[in-house]
Amino acid sequence: MNILVLNCGSSSLKFQVIATDLEAIERDEDRMLARGVLERIGTEALITLRAEGRAPVRDAVPLRDHRAALDHVLHWLVSPDSGVPGISSLSDIHAVGHRIVHGGERLTRSLLIDDAAIEQIAECIELAPLHNPANLKGIQSARQVFGSGIPQAAVFDTSFHSTMPPESFLYALPYQLYVRHRVRRYGFHGTSHRYVAYRYRQLSGHDYEGTNIITLHLGNGCSACAIRKGASIDTSMGMTPAEGLVMGTRSGDLDPSVLEFLHHKEGMSFDELDSLINKRSGLLGVSGLTNDMRDLLAEEKEHEDRRARLAVELFCLRVRKYIGAYLARMNGADAVVFTGGIGGNTPHSRGPRAPRLGILGAQPDEERNRGLVGGREGEFGAEGSRIRLFVIPTNEELLIARDTLRCVLGVPRRW
Ligand code: ADP
């Protein structure tokens with residue numbers, strides 16, 4: 001089955017086409033036929049499209065909205081020039097899988113999309129006002145193009161964390177606020193944490209019950225997850241993705257009274273405060289330069305920029321604190337797994353100066369650590385390290401494709 005995986009952001013659309021079936025899943029032989037990114041939708045969009053085994057094609061095309069972006073992708077996919085194997089007409093796409101950011105408390109499993117599901121996803125808009133509307137645009141666009149002819153599935157970022165117990169997901173606020181408004185921690189990046197836990201099982205030989213690990217998704221957004229017996233029991237993001245680790249532009253954990261203080265001192269409105277903690281803080285806010293870890297490390301090295309260094313230090317210290325907290329939370333873990341653009345590419349964020357994991361019972365081997373960049377997967381713990389250390393590049397699209405297949409076939413998910 002050829003599955004189109006769509007991940008729609010407010011002004012972006014990322015996609016992959018993945019050929020998979022139950023046998024391919026069993027043998028880990030799913031095949032990515034094409035992928036691409038369309039950014040700055042609404043203006044002159046920047047487009048990168050890539051067929052399997054071919055060089056990427058880059059272009060800039062005015063695209064009005066997500067529907068226009070999807071039309072552009074489909075037109076390319078079916079055109080003979082694109083060279084996408086096995087796709088020559090729309091009928092070669094058999095299902096669509098959508099990444100949906102927020103499923104709230106009720107949408108805890110991947111599901112086939114019908115009118116009721118759309119309504120429920122729309123109900124979660126107040127919990128994810130930036131993300132869910134964009135995700136819904138992706139669903140509506142695909143419905144318009146494909147009609148009811150092909151099934152569509154929704155895979156939620158929050159669902160992996162639905163196994164968290166109340167002592168993890170509740171805030172220490174009056175309980176009625178949870179009852180009345182569902183103010184609680186939901187967690188995000190669930191598909192990524194779930195994928196790396198799955199790969200960890202493949203690499204380590206552990207089974208589901210034996211999966212006791214801490215996973216760290218360190219990208220532009222960052223989150224940590226405590227996984228015990230294969231299930232998420234705690235995660236660092238909260239009701240929204242603003243909580244937890246230091247991120248590209250988000251502050252992560254913050255004394256909530258700072259917001260009221262700034263409201264009085266700087267006359268900032270709620271919207272401005274929201275933008276402050278989500279878009280102007282984190283690596284960008286501390287460094288005053290950029291949210292890009294690559295550039296910060298270069299600034300620090302080449303110009304000894306003090307604030308670039310401070311931003312990196314803050315980032316790494318918060319990672320270390322969460323690892324320590326989760327080791328206590330879980331009564332110890334067998335492994336710590338790093339993923340995401342930063343986790344997968346910066347030995348720095350996993351190494352000696354940064355998390356100083358030795359004291360926690362995890363001793364990195366620096367040479368192995370330095371070698372794990374650019375999408376490489378592997379282990380970098382030193383001989384005798386009590387806790388194993390891994391870099392596992394994430395692959396959320398693959399899980400979305402597999403979940404979509406299972407939803408279509410009505411096969412329950414095994415992991
Ligand atoms: P997103 O959360 O948007 O998916 P990514 O997972 O791609 O983001 O992570 C983006 C972050 O990863 C940026 O801070 C970027 O600088 C960092 N990054 C990507 N590649 C490298 C690299 N080779 N070295 C250091 N940092 C990198």
Side-chain angles (χ1 to χ4, degrees), residues 5-16 35-40 46 48 56 99 101 128 130-131 134-135 157 187-193 195-196 215-225 235-237 240-252 278-302 305 308-309 311-316 318-319 337-351 353-355 369-378 380 391-400:
V5 176
L6 291 180
N7 177 357
C8 290
S10 53
S11 64
S12 68
L13 183 157
K14 293 185 195 157
F15 76 92
Q16 287 192 12
R35 67 184 150 121
V37 184
L38 294 83
E39 292 167 297
R40 298 199 202 159
L46 300 176
T48 308
R99 175 202 180 199
V101 167
L130 294 180
H131 295 99
N135 301 157
D157 259 29
F188 298 87
H189 288 147
T191 315
S192 176
H193 291 294
Y195 175 80
V196 296
T215 51
L216 293 157
H217 179 109
L218 308 178
N220 234 329
C222 300
S223 67
C225 183
T235 191
S236 58
M237 282 177 166
T240 78
E243 191 180 340
L245 299 172
V246 175
M247 314 186 205
T249 59
R250 297 189 192 119
S251 64
N278 279 297
K279 298 188 181 150
R280 293 165 47 207
S281 296
L283 294 175
L284 171 67
V286 177
S287 71
L289 293 172
T290 170
N291 62 329
D292 193 298
M293 180 60 98
R294 238 172 323 201
D295 295 343
L296 285 178
L297 292 172
E299 278 298 323
E300 194 194 348
K301 197 164 162 198
E302 286 158 27
D305 188 281
R309 185 184 176 89
V312 177
E313 291 288 347
L314 245 112
F315 180 94
C316 294
R318 189 81 56 90
V319 170
V337 185
F338 291 80
T339 195
I342 297 177
N345 284 297
T346 52
H348 219 78
S349 70
R350 332 178 278 247
R353 185 184 112 191
N369 185 19
R370 274 197 302 274
L372 288 174
V373 289
R376 261 185 227 116
E377 179 181 81
F380 67 97
V391 170
I392 299 181
T394 194
N395 194 345
E396 292 153 285
E397 291 79 7
L398 180 67
L399 282 201
I400 295 173

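First listed ligand is number 1; within each ligand, the first listed atom is number 1. In what follows, every heavy atom counts, from backbone to side chain, and hydrogens, waters and symmetry copies are set aside. Just so it is clear, the structure is predicted and the values come from calculations on it, not from any experiment.
When the shell of 6.0 Å around CZ of Arg318 is examined, it contains more than 12 heavy atoms from other residues, nucleotides or ligands.
Residue Asn345 comes nearest to Gly375 through the heavy atom pair OD1-N, 4.1 Å, listed as atom of the first residue, atom of the second, then distance. Taking every heavy atom of both residues into account, Leu289 and Glu299 meet most closely at CD1-CG, 3.9 Å.
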(request) Test Asn278 against Thr249 for side chain to side chain contact (heavy atoms under 4.5 Å, CB included), laying out the working first. (result) CA-CA 6 Å; Asn278 279 297; Thr249 59; 5.9 Å; no
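Taking the six-membered ring where the residue is Trp, Phe338 and Phe380 present tilted rings, their angle falling between 30° and 60°.
If you look at ligand 1, the protein residues with a non-hydrogen atom under 4.0 Å away are Gly219, Asn220, Gly221, Asn291, Asp292, Met293, Arg294, Gly340, Gly341, Ile342, Asn345, Thr346.
A search for side-chain hydrogen bond (donor to acceptor under 3.5 Å, both in side chains) contacts involving Glu243 returns Tyr171, Arg185, not counting sequence neighbours.
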